[in-house]
Amino acid sequence: QVQLVESGGGLVQAGDSLRLSCAASGRSFSRSAMGWFRQAPGKEREFVAAMRWDGSSTYYSDSVKGRFTISRDNAKNTVFLRMNSLKPEDAAVYYCAAGDLSPFDGSVSYTRATKYAHWGQGTQVTVSS
């Protein structure tokens with residue numbers, strides 16, 4: 001059974017940092033694209049960050065670019081999201097996702113939730129002002 005389990009969420013103050021982790025089990029995701037999405041109450045799920053399977057490219061939403069960093073450790077089947085300078089508008093449930101995007105998929109594909117077949121249960125991030 002394929003599982004993605006997020007951890008590392010919590011309550012922080014504006015300006016603080018958090019590192020989210022996503023541990024995969026059930027199969028290797030070393031050749032899968034990995035992404036982070038988030039969903040705030042009353043809003044649609046939105047793209048945050050993604051990385052090609054080989055780490056050669058990373059993608060970020062404009063709202064987090066320069067503050068968030070996605071990384072992965074294929075040996076541990078784990079992907080991370082380092083979040084710096086957190087803002088109240090970053091508060092949401094953060095979801096990890098894995099997808100078998102093809103080498104021909106362009107950058108836009110990595111931002112689409114429909115491209116990811118496997119999802120974690122989410123971890124809550126709350127940012128107080």
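Residue Tyr116 comes nearest to Gly35 through the heavy atom pair CE2-N, 3.8 Å, listed as atom of the first residue, atom of the second, then distance. Between Tyr110 and Ala33, the shortest heavy-atom distance links the atoms CE2-CB, 3.5 Å. When all heavy atoms are compared, the tightest approach of Gln121 to Val5 is OE1-CA, 3.8 Å. Closest approach of Ile70 to Met34, counting heavy atoms only: CD1-O, 3.7 Å. Shown here for Ala24 and Phe29, the closest heavy-atom pair between the two residues is CB-CD1, 3.2 Å. In terms of heavy-atom proximity, Ala49 sits nearest to Leu81 at CB-CD1, 4.1 Å.
Taking CG of Asn84 as the reference point, atom OG1 of Thr69 lies at 6.5 Å (rounded to 0.5 Å). Here the straight-line distance linking atom OG of Ser102 with atom NZ of Lys115 works out to 7.0 Å at 0.5 Å rounding. In this structure, CZ on Arg52 lies 5.0 Å from OG on Ser57, to the nearest 0.5 angstrom.
Side chain of Thr78 to backbone of Lys76: a donor-acceptor contact under 3.5 angstrom is found. No donor-acceptor pair closer than 3.5 Å links the side chain of Glu46 to the backbone N or O of Arg38. Checked by atom type and distance alone, the side chain of Tyr59 never pairs as donor or acceptor with a backbone atom of Val48 at under 3.5 Å. Within the 3.5 Å criterion, the main-chain N or O of Asn77 finds no donor-acceptor partner in the side chain of Asn74. No donor-acceptor pair under 3.5 Å is formed between the side chain of Gln124 and the backbone N or O of Gly9.
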Worked verdict on Trp36 versus Cys96 for side-chain contact (heavy atoms from CB on, under 4.5 Å): CA-CA 5 Å; Trp36 287 94; Cys96 169; 4.0 Å; yes
Derivation of the side-chain contact (heavy atoms from CB on, under 4.5 Å) call for Arg82 and Ser17: CA-CA 7 Å; Arg82 176 69 179 182; Ser17 298; 3.6 Å; yes
side-chain contact (heavy atoms from CB on, under 4.5 Å) between Leu86 and Phe68, intermediate numbers included: CA-CA 9 Å; Leu86 282 161; Phe68 290 12; 3.8 Å; yes
Verdict with reasoning, Glu6 to Leu4, per side-chain contact (heavy atoms from CB on, under 4.5 Å): CA-CA 7 Å; Glu6 303 95 336; Leu4 298 175; 5.6 Å; no
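Between Arg45 and Trp119, some side-chain heavy-atom pair lies under the 4.5 Å cut-off. Using a 4.5 Å cut-off on side-chain heavy atoms (C-beta onward), Thr123 and Leu20 make contact. The shortest side-chain heavy-atom distance between Val125 and Met83 falls under the 4.5 Å cut-off.
At a threshold of 4.0 Å, the pair Arg27-Asp100 counts as salt-bridged, since one of the basic side-chain nitrogens sits closer than that to a carboxylate oxygen. With salt bridges taken as basic N to acidic carboxylate O contacts below 4.0 Å, none links Lys87 and Asp90.
A cation-pi arrangement is present between Arg19 and Phe80, with the terminal nitrogen or guanidinium carbon under 6.0 Å from the aromatic centre and inside a 45° cone about the axis. Seen from the ring of Trp53, Arg72 does not count as a face-on cation partner, given the 6.0 Å and 45° thresholds.
Under the 4.5 Å side-chain contact rule for hydrophobic residues, Leu18 and Tyr95 do not share a cluster.
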